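Heads up: the structure comes next, in structure tokens.
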Amino acid sequence: MPNFSPLTLCITATSFAVSQFLFHFGSCWLSTRFTCGFTKLNAKQKIEWNSRTVSTFHAVVVGCFCLYILVYDDAVNANPVWGDPFMVKLNVAITSGYLISDLLLIICYWKAIGDKYFVTHHVAALYAYYYVLGEGMLPYFGNFRLLAEFSTPFVNQRWFFEVLGYPKHSLPNMVNGVLMTVVFFIVRIAVIPTYYGRVFSTFGTEAFHRLGIGAQCAWIISSVSLDIMNVMWMMKITKGCYKVLYHTDGILTKTQKNGKAE
């Protein structure tokens, strides 16, 4: 039977409430003070802007917490399948609250930010996190996957630049594009050998057999599926970055001080 601790439920609820507050109030207040372009956006653009602002905030918080756990949580690192999941549960609870909030916003503002892929992604992620929060299983691997959040701010920033009217070959866009490509590769592709090395090291162990066939299948299938998508996205991002950096003449784009390509 699942065992959701009161602390875990409280953090999930708090994360949900904070996400809702940032979407409805915090993002608008901050954005109008950082850029005058926000006030010029239409209603649908403001909805997506606020959604991405919350997404960026969540990614920074969870990503940093995830990195801390990977470096300093000896219990989880020593036993990736059944290690003491206390800190991991806190991080996953924050993510779960955000995902529930975002799922609700997607449904409520479907015409502006509705996307079947994101609904599927959120539901699948919440299902996977059930095993961490309710059963205490796979804390290392559940937390490891949150490293991917470090690429989210750069993806969102790309959209912010686009909606604000920055040219594709402007210096800010190019710098963000390069950083997005590099960070995406590091946190989603380069870590694949390390991740699956730990996965394979658990095969045949008593800890692995304790999971049961249901958790084993959910873990392996979701991991492989996610990494297939990551590789596909990496290819698209790399192609897009190459097109931005290089003109049709094959010469690296030169930028003027105003950010426009020569």
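Nothing here was measured: the structure is a model prediction, and the numbers come from that model.
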Can you see which heavy atom on [X] is nearest to which on [Y], and at what distance?
| X | Y | result |
| --- | --- | --- |
| A93 | I11 | CB-CG2, 3.8 Å |
| F208 | T202 | CB-O, 3.1 Å |
| F57 | V18 | CE2-CG1, 4.3 Å |
| G142 | Y129 | O-CE2, 4.2 Å |
| K46 | T39 | NZ-O, 3.9 Å |
| P139 | G83 | CG-O, 3.4 Å |

Find the distance between [atom1] ([X]) and [atom2] ([Y]) and round it off to the nearest 0.5 Å.
| X | Y | atom1 | atom2 | value |
| --- | --- | --- | --- | --- |
| I107 | H122 | CD1 | NE2 | 10.0 Å |
| D74 | I69 | CG | CD1 | 12.5 Å |
| N50 | L105 | CG | CG | 9.5 Å |
| T194 | L147 | OG1 | CG | 10.0 Å |
| I213 | Q216 | CD1 | CD | 5.0 Å |
| N176 | Q157 | CG | CD | 5.5 Å |

side-chain hydrogen bond (donor to acceptor under 3.5 Å, both in side chains) against [X], all qualifying residues, sequence neighbours excluded:
| X | value |
| --- | --- |
| Y109 | none |
| S15 | none |
| S19 | none |

Run the salt bridge (Lys or Arg N to Asp or Glu O under 4.0 Å) test against [X] and tell me which residues pass, sequence neighbours left out.
| X | result |
| --- | --- |
| E149 | none |
| R145 | D227 |
| R52 | E48 |

Mind checking whether [X] and [Y] sit in one hydrophobic cluster, side chains of I, L, V, M, F, W, Y counted as touching below 4.5 Å?
| X | Y | result |
| --- | --- | --- |
| F161 | M174 | no |
| Y131 | I221 | no |
| M232 | Y242 | yes |
| L164 | V175 | no |
| V60 | M180 | no |

Strictly distance-based, threshold 3.5 Å: is any side-chain N or O of [X] a donor or acceptor partner for the main-chain N or O of [Y]?
| X | Y | value |
| --- | --- | --- |
| N77 | D73 | yes |
| W82 | A207 | yes |
| E135 | V132 | no |
| N91 | F65 | no |
| H169 | V244 | yes |
| S31 | S27 | yes |
| N79 | D84 | no |
| S101 | G97 | no |
| S225 | S222 | no |
| D102 | Y98 | no |

Can you check side-chain contact (heavy atoms from CB on, under 4.5 Å) on M234 and T181, steps first, answer last? CA-CA 8 Å; M234 184 74 250; T181 304; 3.6 Å; yes
May I have all residue pairs that pass ring pair (Phe, Tyr, Trp, His ring centres under 6.0 Å) and include part of residues 211-240, sequence neighbours excluded? Y117-W233, F141-W219
Tell me, please, whether F144 has R198 positioned over its six-membered ring: NZ or CZ under 6.0 Å from the ring centre and within 45 degrees of its axis? no
Answer yes if the side chains of Y195 and S223 hold a donor-acceptor pair under 3.5 Å, and no otherwise. yes
Can you find a side-chain donor-acceptor pair between T53 and T56 that sits under 3.5 Å?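 T53 vs T56: no donor-acceptor pair found between side chains.
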Flag side-chain contact, heavy atom, 4.5 Å: [X] against [Y]:
| X | Y | value |
| --- | --- | --- |
| L70 | Y140 | yes |
| V178 | C241 | yes |
| I94 | T14 | no |
| N173 | S170 | yes |

Taking the inter-plane angle between the rings of Y68 and Y72 on a 0 to 90° scale, is it parallel (under 30°), tilted (30 to 60°) or perpendicular (over 60°)? tilted
Under 4.5 Å between side-chain heavy atoms, chaining through other members, with only Ile, Leu, Val, Met, Phe, Trp and Tyr counted: pull out the rest of the cluster around W29, sorted by chain and number.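 Its cluster mates, by chain and number, are L30, F34.
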Got a sec, which residues hit side-chain contact (heavy atoms from CB on, under 4.5 Å) with W110, two or more places apart in sequence or on another chain?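 Result, side-chain contact (heavy atoms from CB on, under 4.5 Å) vs W110: I106, K116, V119.
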Using the side-chain contact (heavy atoms from CB on, under 4.5 Å) criterion, which residues pair with F25? Sequence neighbours excluded.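 Residues passing side-chain contact (heavy atoms from CB on, under 4.5 Å) with F25: F21.
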CA sep, side-chain torsions, deciding dist, call: I47, F23, side-chain contact (heavy atoms from CB on, under 4.5 Å): CA-CA 8 Å; I47 290 173; F23 176 85; 4.0 Å; yes
Using the test ring pair (Phe, Tyr, Trp, His ring centres under 6.0 Å), find all partners of F160 that sit at least two apart in sequence or belong to another chain.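 Partners of F160 under the ring pair (Phe, Tyr, Trp, His ring centres under 6.0 Å) test: W49.
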Who are the ring pair (Phe, Tyr, Trp, His ring centres under 6.0 Å) partners of F118, not counting sequence neighbours? none
